[in-house]
Amino acid sequence: MSAAAVHSLWTTAATAAEPISKINAPKIEYAQLSPTLIVVGAAIVGVLVEAFVPRKSRYYAQVFVSLVALVAAFAAVVALASDGYGTTKAHIAAMGAIAVDGPSLFLQGTILLSGLVGLFTFAERRLDPAAHGNRVDSFAAQAASVPGSDSEKRLVKAGVYHHPRCSRAALRDLRNAGLPVGQTTC
């Protein structure tokens, strides 16, 4: 097909269709979407915390951001339910994309409460034991190690542990830099 033929097709299609005189702006109900928007905003803040907060303060900052976001989102769900969106004001928000009704608010609240339980489980650090002078993380020393096995005991004794944010490349870079991997988290 020649360039002239393609140009002809484009100009014919452009003149045959009626021109769009006005594009309607989408109608977004931000108040009804607030639980979801709070969690998404907290995820963005969490990425920024990982990028800019010093390592020593990062754990506390992440727990704080996560806790505030989950509690605020749960409060938004309760506020929506108390405003009647669980019963009489139930509707489809965001131009038909998200339902705001009793079952959806119940599921959002349940997921947020499960997230709080998960947050408290991962945030708990008082029970982390020390073995051979090294503080042992709550995560497995190596992804393939069976908890309590001889291989895990050897890795803990050597001061090596696997953190979910550590990739093999990050661990290799730490070792190449001469940093003790068992005492440095990614």
Side-chain angles (χ1 to χ4, degrees), residues 20 22-130 135-149 152 156 161-171 185-186:
I20 298 174
K22 182 180 177 186
I23 297 175
N24 296 328
K27 183 179 178 195
I28 306 294
E29 299 87 353
Y30 292 104
Q32 286 83 27
L33 300 176
S34 61
T36 304
L37 295 174
I38 290 169
V39 172
V40 170
I44 293 168
V45 170
V47 170
L48 294 174
V49 165
E50 283 294 317
F52 297 112
V53 174
R55 182 175 295 161
K56 289 186 178 190
S57 305
R58 199 176 297 157
Y59 164 77
Y60 298 106
Q62 286 288 20
V63 170
F64 177 76
V65 167
S66 301
L67 181 64
V68 168
L70 290 174
V71 169
F74 186 74
V77 168
V78 170
L80 286 172
S82 68
D83 285 346
Y85 286 99
T87 55
T88 57
K89 291 185 184 178
H91 73 283
I92 305 295
M95 297 182 62
I98 297 176
V100 182
D101 58 358
S104 68
L105 292 175
F106 174 78
L107 287 174
Q108 286 180 12
T110 303
I111 291 168
L112 290 167
L113 289 177
S114 299
L116 275 172
V117 170
L119 172 67
F120 291 142
T121 301
F122 279 104
E124 205 291 307
R125 295 285 185 234
R126 292 177 297 155
L127 299 177
D128 289 344
R135 186 174 171 95
V136 180
D137 200 334
S138 295
F139 298 96
Q142 186 177 1
S145 291
V146 177
S149 67
E152 184 185 40
V156 168
Y161 60 85
H162 173 74
H163 198 278
R165 292 182 302 192
C166 289
S167 64
R168 289 180 188 221
L171 291 172
T185 60
C186 294

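Bear in mind that the values here come from a model prediction, so they are computed numbers and not experimental data. As a basis for the values below, the full set of heavy atoms in this structure was taken, side chains included, without hydrogen atoms, waters or symmetry mates. One-based numbering along the sequence shown.
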Can you tell me how far the NE2 atom of H91 sits from the CD1 atom of I98, to the nearest 0.5 Å? 10.0 Å

Can you name the nearest heavy-atom pair linking V77 to L105, along with the distance? CG1-O, 3.4 Å

Validation: residues 29-47 side-chain donor-acceptor distances under 3.5 Å, sequence neighbours left out:
{"unit_1": "E29", "atom_1": "OE1", "unit_2": "A94", "atom_2": "N", "d": "2.8"}
{"unit_1": "Q32", "atom_1": "NE2", "unit_2": "Y85", "atom_2": "OH", "d": "2.5"}
{"unit_1": "S34", "atom_1": "OG", "unit_2": "A31", "atom_2": "O", "d": "2.9"}

Which atom names give the shortest non-hydrogen contact between A93 and V100, and what distance separates them? CB-CG2, 3.8 Å

Listed by chain and number, what are the side-chain contact (heavy atoms from CB on, under 4.5 Å) partners of F120, not counting sequence neighbours? L67, L116

Report, as yes or no, whether the 6.0 Å neighbourhood of atom CZ on F106 holds more than 12 heavy atoms from other residues, nucleotides or ligands. no

Please check this pair: side chain of S66 against backbone of V63, looking for a donor-acceptor N/O pair closer than 3.5 Å. no

Which value, rounded to the nearest 0.5 Å, describes the distance between D101 atom CG and I92 atom CD1? 6.5 Å

For V117 and T121, work out which heavy atoms get closest and say how close. O-OG1, 2.8 Å

Rounded to the nearest 0.5 Å, how far does NZ of K27 lie from CE of M95? 10.0 Å

Can you tell me how far apart CG (D83) and OG1 (T88) are? Round to the nearest 0.5 Å. 9.5 Å

